Asks: 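To start, I am sharing the structure in question, which I have written as structure tokens.
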Amino acid sequence: MLKRAQEKGLAILEAVDLRSWAVDTHRTTADAPYGGGPGMVMKIEPIARALGTLRGEGTRVLLMTPQGRRFNQRMAETYSRESHLILICGHYEGVDQRVADHLVDDEVSIGDYVLTNGALAALVFTDAVVRLIPGVLGDAASAAQDSFSTGLLDHPHYTRPENFNGWRVPEVLLSGNHAAIEAWRRKRALELTRQRRPDLI
Ligand code: ADE
């Protein structure tokens, strides 16, 4: 999908190596934490220099971090309307706090778990955002009825065959009665959401 979006000219994705903006001969991008403790902390200088060259008019800079605002469909919709995003992928124990305090517009977490690296989080974010850009998905309607876009989990879907091992497709979906089908889908979406994600209701 990301490839198709780029081929259609609807998105340009570029990965850059922070080391290109490292300031010392060893091209270091991380150092030991002040105050001690395990691991390494990503340095501010390479990030500031990178942003200096990559930032343009209207750029929004995001830091991928487990400390960020938890990503959801509404944020994906908001960010899909932006013209230029830079995602900073944290690594090691974290990123010098001054990056978050002074250089970024938003901090984003993709969920309550810790990855070894923000790059996977950036890919998840990118996939969710780019598919919402008009024209990227084949069927424009398909994004509108996704789980969460409606505020609920999506209803179940079925395709041929009608009967597999005695497991039948719900009769109403074969009825051709569009009002009844809509009502059934809404009911199932509500039931599923109440069962699995009552926090969404
Ligand atoms: N980096 C490590 N864990 C992360 C998470 N859950 N979300 C965003 N970036 C991360």
Side-chain angles (χ1 to χ4, degrees), residues 1-3 5-6 11-23 27-56 58-133 136 143 146-149 151-154 193 196-200:
M1 187 280 298
L2 292 178
K3 182 163 177 254
Q6 291 179 90
I12 301 169
L13 307 178
E14 192 183 353
V16 298
D17 183 359
L18 206 50
R19 278 189 198 284
S20 320
W21 289 277
V23 287
R27 305 212 296 163
T28 51
T29 54
D31 205 338
Y34 278 121
M40 301 278 271
V41 176
M42 286 181 60
K43 293 164 67 63
I44 189 169
E45 298 108 308
I47 295 174
R49 279 162 51 103
L51 293 177
T53 50
L54 300 172
R55 216 179 201 141
T59 300
R60 308 276 290 166
V61 180
L62 278 56
L63 176 65
M64 307 312 293
T65 165
Q67 279 73 247
R69 286 199 298 141
R70 194 162 59 194
F71 188 51
N72 60 28
Q73 192 66 19
R74 207 157 47 99
M75 287 161 75
E77 282 158 12
T78 302
Y79 279 118
S80 74
R81 292 188 284 269
E82 292 286 344
S83 62
H84 185 209
L85 300 174
I86 296 178
L87 311 181
I88 304 173
C89 305
H91 205 344
Y92 308 108
E93 285 308 307
V95 179
D96 189 302
Q97 182 59 36
R98 291 166 292 186
V99 170
D101 290 347
H102 303 289
L103 299 179
V104 314
D105 300 300
D106 200 0
E107 296 176 69
V108 177
S109 164
I110 62 160
D112 294 342
Y113 43 82
V114 179
L115 304 163
T116 47
N117 179 323
L120 271 177
L123 271 178
V124 168
F125 175 95
T126 302
D127 186 276
V129 168
V130 170
R131 68 190 289 282
L132 296 178
I133 297 171
V136 168
D146 282 341
S147 281
F148 311 113
S149 298
L152 298 174
L153 299 183
D154 198 4
T193 309
R196 296 192 183 162
R197 293 296 305 277
D199 57 299
L200 293 177

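In each ligand, atom 1 is the first atom listed, and ligand 1 is the first ligand listed. What you see below is based on every heavy atom in this structure, not just the backbone, and it leaves out hydrogens, waters and symmetry mates. For reference, positions follow the sequence shown, starting with 1. Quick caveat: nothing in here was measured; it's all calculated off a predicted structure.
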Asks: Using a 4.0 Å heavy-atom cut-off, say whether Thr65 meets ligand 1 through its side chain, its backbone, both or neither.
Replies: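 Backbone only.
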
Asks: So, do Thr59 and Ile86 sit near enough that their side-chain heavy atoms are less than 4.5 Å apart?
Replies: yes

Asks: Below 3.5 Å, N or O to N or O, backbone or side chain included: is there any such pair between Tyr113 and ligand 1?
Replies: yes

Asks: So does Arg55 have more than 12 non-hydrogen atoms from other groups sitting under 6.0 Å from CZ?
Replies: yes

Asks: Does at least one non-hydrogen atom of Gly90 fall below 4.0 angstrom from an atom of ligand 1?
Replies: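 No; Gly90 lies far enough from ligand 1 that no heavy-atom distance drops under 4.0 Å.
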
Asks: Which residue and non-hydrogen atom of the protein lie closest to atom 4 (C) of ligand 1, and at what distance in Å?
Replies: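 It is Pro66 CD, 3.6 Å.
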
Asks: Nearest heavy atom to atom 3 (N) of ligand 1: which of Leu115, Ile110, Val108 does it belong to?
Replies: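 Ranked by closest heavy atom to atom 3 (N) of ligand 1, first place is Leu115.
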
Asks: Could Asp106 and Arg69 be called an ion pair, given the rule that one side-chain N must be under 4.0 Å from one carboxylate O?
Replies: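 Salt bridge: yes.
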
Asks: Got a donor-acceptor contact below 3.5 angstrom from the Ser109 side chain to the Gly68 backbone?
Replies: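 Absent.
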
Asks: Does the side chain of Leu103 reach to within under 4.5 Å of the side chain of Ile44, using non-hydrogen atoms?
Replies: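 Yes, side chains in contact.
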
Asks: With side chains defined as the heavy atoms from C-beta onward, is the minimum distance between Trp21 and Val16 less than 4.5 Å?
Replies: yes

Asks: Just heavy atoms, cut-off under 4.0 Å: does Ala121 contact ligand 1 by side chain, backbone, both, or neither?
Replies: side chain

Asks: Gly111 versus ligand 1: do any nitrogen or oxygen atoms come within less than 3.5 Å of each other?
Replies: yes

